[in-house]
Q: 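Structure in C-alpha cells, see below.
Numbers restart at 1 for each chain; the letters A, B, ... are given by sequence-line order, proteins then strands.
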Number of protein chains: 2
Amino acid sequence: MTSRTTAADAAGSPYEAPVDEQECQEFRQTMELAGRRWSAAILYAAVAGARRFVEYRRAVRGISDRLLTLRLRELEQQGFIAREVVPTMPVQILYSPTPAGAELVAAMQPLGEWGRRHRDVLERRLPD
Amino acid sequence: MTSRTTAADAAGSPYEAPVDEQECQEFRQTMELAGRRWSAAILYAAVAGARRFVEYRRAVRGISDRLLTLRLRELEQQGFIAREVVPTMPVQILYSPTPAGAELVAAMQPLGEWGRRHRDVLERRLPD
DNA sequence: GAAGTCACTTACCAATAGTGAGTTGCTAAC
DNA sequence: GTTAGCAACTCACTATTGGTAAGTGACTTC
C-alpha cells in the first residue's frame, strides 16, 4: 500500500479488500459450470438411475426436448455423461453418468442439503 | 405399471427410471440459484472480506458495473448480502455477507474443491 | 479548475433460453 | 392397411438475460 490518500481513506474505509482474485475466479467457473440451467438436475437424474431420453424428460420436470438434447450433448462433451447406442430394433440410446459425473454430483450434495434447509428462500425467488 | 407393451419393452428397456422427481427439482433450484452468473464469485468475495463496491469489482475480475449492481441487489433481496449506508462525507456503502450467505458459501466449498481437482475440465469449457 | 473516485444508470446489441411444431423410423391397435 | 403412437431428435421463432460502452452527480485531490 502506498502513501496515496483517497476519498475512501478520508471517509474511513476500513481496509483494502484482501480477496484472493484467482481463487474467486476458480470458484466462479466451477459454480457456473455446475449451475448452468438444467445441468445439475440432469446429472442428478443420471446418478439416480435415469438412462433413456424419456426417462430424463420425466425426471427433470419442465425441461423441453430441445434443451434436454443440448444439455445432454454438453455434458457428454465435458465427460460427465456417456452416450451409448444399443443397436436393437428399434435402437435405444442410453445416457449414463461417468465416474467424473458421479463425483460432481457428490460434490453438489452439501448444496442440495442447504437447499432442503432453506426451501423458503428457493420458493421466494424461483417459483417455477 | 400396466400390462401395456411398448416399442421400448419390445427392444428390452431395462426399467422405468425410479428418479425422485421432487428431489431432482429441489436440487435444480438450489444449483441454479447459486450458479447464476457471477453470484457465487460475489458471495465468495463477500466472505473473503470485500465490502465496498470497488472492492467487489476488483475481486470479481471481469464483471461490469451494471451486472455487479444487479447481482448485489438480487443477493440483498434473497438475504445473502446486507447493504449498509454509512453517512460519512462522502457516503460509503458497505455490502457484507449475512449468516445465510456465509452458510451458502460454506455449502459450496466441496464444489470449489472439486473445481481445483478438475481444473482441466474448467479450462476446456470456460476459457474466459 | 481539471482530473479522478465512488456508486451507480441508461441505451443498445449479442447470446442464451423457452415454445411449439415438424420429422424419421419403428410398433400396435382397429 | 390406415390410423395412432412413441423415441429421439431438429427447426423456426420469441423472450429473457448478459455484455459493452458511455454518462451522471456528489465529492476530493492536484
Q: What class does the angle between the rings of A:F80 and B:W114 fall in, given that below 30° is parallel, 30 to 60° is tilted and above 60° is perpendicular?
A: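 Tilted, since the angle between the ring planes falls between 30° and 60°.
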Q: Produce the list of close N/O pairs, under 3.5 Å, pairing protein atoms with atoms of nucleotides 9-13 of chain D; give distances to one decimal.
A:
residue	atom	partner	partner atom	Å
D:dC9	OP1	A:R83	NH2	2.7
D:dC9	OP2	A:Y95	OH	2.3
D:dC9	N4	A:D65	OD2	2.6
D:dT10	OP2	A:R73	NH2	3.4

Q: Got a donor-acceptor contact below 3.5 angstrom from the A:R71 side chain to the A:L43 backbone?
A: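 No: the side chain of A:R71 does not pair with the backbone of A:L43.
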Q: So, is A:R36 near the phosphate of C:dT16, with a side-chain N or O under 4.0 Å from OP1 or OP2?
A: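 Checking A:R36 against C:dT16: no side-chain N or O falls below 4.0 Å of OP1 or OP2.
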Q: How long is the line joining CD of A:Q92 and P of D:dA8, in whole Å?
A: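 Rounded to whole Å, this separation is 7 Å.
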Q: Side chains of A:E76 and A:Y95: do they bring a donor and an acceptor to under 3.5 Å?
A: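 There is no such pair between these side chains.
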Q: Check whether any side-chain N or O of A:R83 sits under 3.5 Å from a backbone N or O of A:S96 as a donor-acceptor pair, and report yes or no.
A: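 Flag not set: sc A:R83 to bb A:S96 has no pair under 3.5 Å.
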Q: Restricting to non-hydrogen atoms, name the atom on B:I42 and the atom on B:Y56 that form the minimum distance, rounded to 0.1 Å.
A: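 That would be O-CE2, 3.6 Å.
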Q: What integer distance in Å separates B:R71:CZ from C:dT9:P?
A: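 From B:R71 CZ to C:dT9 P: 15 Å.
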Q: Nearest to the side chain of A:S64, heavy atoms from C-beta on, is which of C:dC26, D:dG19, C:dT19?
A: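 Nearest to the side-chain atoms of A:S64, counting from C-beta on, is C:dT19.
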Q: How close or far is atom C1' of D:dA8 from atom CG of A:L67, stated in whole angstroms?
A: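 Value for this atom pair: 15 Å.
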Q: Give the rounded distance in Å between these two atoms: CZ of A:R37 and P of D:dA15.
A: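 After rounding, the reported distance stands at 17 Å.
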Q: Specify the separation, in whole Å, of atom CZ of A:R58 and atom P of D:dC6.
A: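 To the nearest whole Å, that distance equals 11 Å.
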Q: Given atom CD1 of B:I63 and atom C1' of D:dG19, what is their separation to the nearest angstrom?
A: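 Checked: the CD1 to C1' distance equals 11 Å.
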Q: The test is salt bridge (charged side-chain N to carboxylate O under 4.0 Å, His left out); show your working for A:E32 and B:R37 and say whether it passes.
A: CA-CA 6 Å; A:E32 287 170 17; B:R37 193 136 209 208; 3.4 Å; yes
Q: Give the rounded distance in Å between these two atoms: CG of A:L68 and C1' of C:dG18.
A: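 Rounded to the whole Å, the gap is 14 Å.
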Q: Name the closest nucleotide to the A:R52 side chain, picking from C:dG18, C:dT16, D:dA7.
A: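 Closest nucleotide to the A:R52 side chain: D:dA7.
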Q: Below 3.5 Å, can you tabulate the donor-acceptor pairs from side chains in residues 99-111 of chain A to any protein atom, sequence neighbours excluded?
A:
residue	atom	partner	partner atom	Å
A:E103	OE2	B:R117	NH2	3.3

Q: Starting at atom CD of A:E32, determine the distance to atom C1' of D:dG19, rounded to an integer number of angstrom.
A: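 The distance from CD of A:E32 to C1' of D:dG19 comes to 13 Å, rounded to the nearest Å.
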